[in-house]
Amino acid sequence: MDPAYLTGQRVGDVWSMDVRQVTARGLIIQQSKTSNRVTMEITGELATLLERIAKRKREKYPNGREKVYSSRLIVDEDGIGIGRAALRYRFDKAREAAGIAEGEFQFRDLRAMAGTDKADSAKDIREAQARLGHSSVTTTEIYVRKKRGSKATPRR
């Protein structure tokens, strides 16, 4: 879930993320739905996450034998890229552990949450637009508005 929230990408794009997308320029994401290309700076929590993944992929079996890892960023305990069903299962278990009902929050909601949080923290919706890879700020406004709701002030 961390890669989904930190990058604000769709479930399928997160699932297919590969170590070869991590470059000196950043994490390069070619969105499957729109073919838009997003180059995400590798800083802050994303840098920490990618380092944690790289460290885990350097681990060996208890007998000292090297593990063979998939080039996918998201792998299981044995280093094999997980399938979509496994990703879904793990998300469902995490949601259940957090005490959130199934209908209240879905994996895809992480994308809207990432866009909304970015727009709020940067005080600029264009930052969220860049993160989400939207061609139009109008699309980003729809995402942010649905998640945040409208703002109002009291009469007095």
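This structure is a prediction, so every number in the text was calculated from the model and none was measured.
- Here the OH atom belonging to Y5 is positioned 7.5 Å from the CD atom belonging to E45, to the nearest 0.5 angstrom.
- Using a 4.5 Å heavy-atom threshold, the side chains of L50 and M17 count as separate.
- Other residues, nucleotides and ligands place more than 12 heavy atoms under 6.0 Å from the CZ atom of R58.
- We find the CZ-CG distance between F91 and L110 to be 5.5 Å, quoted to the nearest 0.5 Å.
- Under a hydrophobic-cluster definition in which Ile, Leu, Val, Met, Phe, Trp and Tyr are linked whenever side-chain heavy atoms come within less than 4.5 Å, directly or via other members, V11 and F105 are assigned to the same cluster.
- Formation of a donor-acceptor pair under 3.5 Å by the D109 side chain with backbone atoms of Q106 is found in this model.
- Every residue two or more places apart in sequence or in another chain that forms a side chain to side chain contact (heavy atoms under 4.5 Å, CB included) with E104 is listed here: I100, A101.
- Of all heavy-atom pairs between L46 and I42, the closest is CD2-CA, 4.4 Å.
- Within the 4.5 Å cutoff, side-chain heavy atoms of K57 are placed close to those of I53.
- Counting only residues at least two apart or in different chains, side chain to side chain donor-acceptor pair (under 3.5 Å) contacts with residues 124-137 comprise N36-S135, R111-H134, H134-T140, S136-T138.
- A 4.5 Å side-chain heavy-atom check between L73 and V19 finds at least one atom pair inside the cut-off.
- The nearest pair of heavy atoms linking A4 to V14 is CA-CG2, 3.6 Å.
- Judged by distance alone, with hydrogens and angles left aside, the side-chain atoms of Q21 form no donor-acceptor pair with the main-chain N or O of L27 at under 3.5 Å.
- Side-chain heavy-atom separations under 4.5 angstrom define the hydrophobic clusters, and the remaining members of the one that includes V75 are Y69.
- Partners of R84 according to the side-chain hydrogen bond (donor to acceptor under 3.5 Å, both in side chains) rule, which considers only residues two or more places apart in sequence or in another chain, do not exist here.
- Residue P3 comes nearest to I74 through the heavy atom pair CG-CD1, 4.4 Å, listed as atom of the first residue, atom of the second, then distance.
- Judged by the 6.0 Å and 45° rule, R72 forms a cation-pi pair with W15.
- Here the closest heavy-atom approach between residue Q30 and residue D13 is recorded as O-OD1, 4.1 Å.
- Within a 6.0 Å sphere centred on CZ of R56, heavy atoms belonging to other residues, nucleotides or ligands number more than 12.
- Residues T34 and R10 have side chains in contact (heavy-atom distance under 4.5 Å, counting atoms from C-beta outward).
- Rounding to the nearest 0.5 Å places CD1 of I28 at 3.5 Å from OG1 of T23.
- Minimum heavy-atom separation, A128 to G115: CB-O, 3.3 Å.
- The CZ atom of R88 lies 6.0 Å from the CZ atom of R95; values are rounded to the nearest 0.5 Å.
- Looking at residues two or more places apart in sequence or on another chain, you find a side-chain hydrogen bond (donor to acceptor under 3.5 Å, both in side chains) between R20 and D18, S71.
- Remark: S121 engages K118 in a side chain to side chain contact (heavy atoms under 4.5 Å, CB included) (not counting sequence neighbours).
- Atom-to-atom distance recorded for I82:CD1 and R90:CZ is 5.0 Å, nearest 0.5 angstrom.
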